[in-house]
Structure formats: C-alpha cells, structure tokens
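All values reported here derive from a predicted model rather than from experimental measurement. Residue numbers start from 1 in every chain, and the chains themselves are labelled A, B, ... in the order their sequence lines are given, proteins ahead of strands.
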There are 4 protein chains.
Amino acid sequence: MNNNQLKTLIERIERLEKEKADIASDIKEIYAEAKSNGFDVKIMRKVVANRKKDEKALAEEKTLINTYEAALGPLATTPLGQAAIKKAKNAE
Amino acid sequence: MNNNQLKTLIERIERLEKEKADIASDIKEIYAEAKSNGFDVKIMRKVVANRKKDEKALAEEKTLINTYEAALGPLATTPLGQAAIKKAKNAE
Amino acid sequence: MNNNQLKTLIERIERLEKEKADIASDIKEIYAEAKSNGFDVKIMRKVVANRKKDEKALAEEKTLINTYEAALGPLATTPLGQAAIKKAKNAE
Amino acid sequence: MNNNQLKTLIERIERLEKEKADIASDIKEIYAEAKSNGFDVKIMRKVVANRKKDEKALAEEKTLINTYEAALGPLATTPLGQAAIKKAKNAE
DNA sequence: ACTGAAGGCTGCCCGC
DNA sequence: GCGGGCAGCCTTCAGT
C-alpha cells in the first residue's frame, strides 16, 4: 500500500469537506438574514426544494418514458402502445 | 413584502447550493479514484469520519459501546449470535 | 400476458411491503422506548449493527482501519487534526 | 444502567429485524416467480414504486397547500391569495 | 432540550 | 465483478 498516496487522497477529501461545510454555513446565514427581514424560512425552503424537484422531474419523466417505450418494444407502434406513451407524457 | 429582495435571497441560496453539490461530486470522484488505486473506500470513509470527531469523543463512544455489549452478555447466548457463529464456521 | 396473474403478484408484493413497513415502524417505537428509558439510541444501533457481522469480519475491519490510520501518520500533523485538538482543549 | 432491560430491548429489535429480513426475502421470491412467468421485473418494480408515490403525493400536496395557506394568512381571502392557492391545488 | 420532518449519504441488490 | 438504481439510516433544521 502506498502511504503517501492514501494520505494525499484523504487530505484532498478533508479539504473539500471543509469547503462544503463552509458553504452550508453560508446558506444558513442567508436564511437567518431572510428571517430577520420578515420572510418565512420554512416557505422559502419549500420553494427552493420545489424548484430543484421541478428541474429533476423533466429528466426523470424522460427516463420513465424511455423505460416504457423499451418495454413495449414493437408495441410502441400500435395504437394501444402509443396511447400508453401519450399518457405517460401527459404526466409531464 | 419586497419581491426583489426575496428573489435575490433565493438566487444566492441556489447559487451556493450548486457549489455545494459540485463539491460533493468532487468528493465522490476522489473516492472513485481511490478505489481504482486499490484502496478500500468503505474503510476510508470510516477513517475520515473518525478523524472528524476529536479523540475524547471517540474514546467515550468506544467505552459506551463496550458497556452496552457487556450488558448483553456473551454473543453466543443469543439466537442471532449463534446464527452468526454458524455462518462464520461455514465460511471456513 | 396474463393480467390477472400480474395483478395477483403485485397485490402479494404490496401486502408484504406493508408488513415490512409496519415492522420497521415497530422497531422505531422500540428505539423510542429505549430512549425514554435513558439509553443512547445511536450506540444501540451501532451495537446491533456489530452483532450482525460475524466476529471475523469485525476483526478484519478493525485491522484495516488501523492500517489506514497508521499510513496517515499522527493526527497532530494535519490541519484538521490540529483543529480537532484545539477544539478538545477548549472544551476542557 | 439496567442490563436486563437493555438486553430485552435489543432482543426485541433483533427479532423484528429478522422478521423484516424474512419478508424482504419473500418479496424477492415473488419477483423471481414473476420473472419465471415471463413478466418484466424491472417494470413491475417501477409500477409498485409509482403506486406508492401516488399515494404519498396526495398527502404531500395537502401539506404544501396548508403551509402556503398558513403563510398567506388573512391574504388567503384576497383574490391574489386565492389565485396562489388555486395554482398550488392545480398541481395535484 | 426534544421532536418531527427533510435531505444527503451509505449499503444492498440487481442487471450487465 | 462492476456500476447503477433504490431503500434505509443518519444528520441537520425549524418548532415547541
């Protein structure tokens, strides 16, 4: 085992984890600032979370549709198959 | 309610969250790199976690675990313990 | 494709998943009970997890951790280690 | 610390965890059975997961609407407030 | 200080 | 045997 290599890897990880923690701390400060300006932090968190979800949802739906299309295989060209796919797409 | 102020706050938060996600991704890459160099990632994570706690806390935790385990009596007297021992023997 | 057969299979699965969820809920309750009786839940979970692994695996894991930690050299030589030591001193 | 009490608690937990593992094993068997009957296990898992999600979604949306209504407070009776609530409800 | 909830992370299981 | 996907665990956060 190469000790130096391991040591370097661990140190890089710890450095990055510190940066991550610092950023998390900055985020907390912003929420505190928002609160002191009269905003509802709980709602703000929900808004941020929803916006994140919405972005993910698109990619997600596409994956689902691909899965269904693949599962249907040749059926995808039949009226019934297309109806199923259309239904899935409407969910977007 | 000041809409512009709210918008600015949300944007600052989202910017920071993106940075945080990027760093998390970097960390994952380093573990992947470590793995490809033959290191045991699971162990590395444990080592990193241990180093985060100070030595005092670590010692206390160990003591507590020992206390609890002692209170349970020897492993061999429990059904699950016996199953584990049997399994270990089969592996030999 | 036999629709009824599929339906039956799905229903059996969902029935079992419900049972599983109920049991998980029971387990949570026991931990809550333990906590209200003054036990340290976090430690209990660690003890339970350790008992799941057989002794051999546990010993190997410990050895590896020691090996990795030794490779990193003394904690005191790293920035994070120094921070931890400082923090520990402040707590005294 | 009451050793017997701790021991009893741990044993109850371990008993339940075993039951849970057994059920998980049963579920696996059903999927295997389905597969041998020509069903696409991957799709089945998605179907089961989606049905679970759908159930959660309703409760989830309600929570969100309640949160917004509470945040709007008296505003909920104004046209603008009602528009916001309606928008949230449409998401159902 | 405790509780309940939300998000991120780890370990597991499957398919390749 | 490996990597991706998914469920469960742990930690953190707002509220009481």
Q | Close residues, residues 23-32 of chain D, relative to DNA chain F [heavy-atom separation under 4.0 Å] | A | none
Q. Does B:Glu60 have any salt bridge (Lys or Arg N to Asp or Glu O under 4.0 Å) partners at least two apart in sequence or in another chain, and if so, which?
A. none
Q | Proximity to the side chain of D:Val41 - top-ranked nucleotide from F:dA14, E:dG15, E:dG8 | A | E:dG15
Q. Can you list the residues that meet the salt bridge (Lys or Arg N to Asp or Glu O under 4.0 Å) rule with B:Lys62, with sequence neighbours excluded?
A. none
(Q) For the CG atom of A:Asn2 and the CG atom of A:Leu6, what is their distance to the nearest 0.5 Å? (A) 8.5 Å
Q. Between F:dT11 and B:Lys52, is there an OP1 or OP2 to side-chain N/O distance shorter than 4.0 Å?
A. no
Q. Are C:Leu64 and B:Leu58 linked, directly or through other ILVMFWY residues, by side chains that come within less than 4.5 angstrom of each other?
A. no
Q) Just how far, in rounded Å, is P of E:dT10 from CG of B:Asp40? A) 14 Å
Q | From CG (D:Leu16) to CD1 (D:Ile13), nearest 0.5 Å | A | 8.0 Å
**Q.** All pairs passing salt bridge (Lys or Arg N to Asp or Glu O under 4.0 Å) where residues 19-37 of chain A contributes a residue, at least two apart
**A.** A:Arg15-A:Glu19, A:Lys18-A:Asp22, A:Glu33-B:Arg12
(Q) What residues from residues 44-51 of chain A pass a heavy-atom cutoff of under 4.0 Å to DNA chain E? (A) A:Lys46, A:Ala49
If you look only at distance, which donor and acceptor atoms sit under 3.5 Å apart when one is on a side chain in residues 39-47 of chain C and the other is two or more places apart or in another chain?
residue	atom	partner	partner atom	Å
C:Asp40	OD1	C:Lys42	N	3.0
C:Asp40	OD1	C:Ile43	N	3.2
C:Lys46	NZ	B:Glu61	OE2	3.2

Q | Protein-nucleotide distance (B:Glu33, atom CD; F:dC2, atom P), rounded to Å | A | 18 Å
Q: Send over the distance from C:Ile43 CD1 to F:dT11 C1', rounded to a whole Å.
A: 15 Å
Q. Would you call D:Lys52 and C:Glu17 a salt bridge, using N to O less than 4.0 angstrom?
A. yes
Q) Is A:Lys20 touching bases, backbone alone, or none of the nucleic acid, heavy atoms closer than 4.0 Å? A) sugar-phosphate
Q: Round to the nearest Å and state the distance from D:Lys42 atom NZ to F:dC6 atom P.
A: 9 Å
Q. For A:Phe39 and F:dA14, what is the distance between atoms CZ and C1' respectively, to the nearest whole Å?
A. 18 Å
Q: Not counting sequence neighbours, which residues clear side chain to side chain donor-acceptor pair (under 3.5 Å) with B:Asn66? List them please.
A: none
Q.
Rounded to whole Å, how long is the line connecting atom CD of B:Glu19 with atom C1' of E:dG8?
A. 18 Å
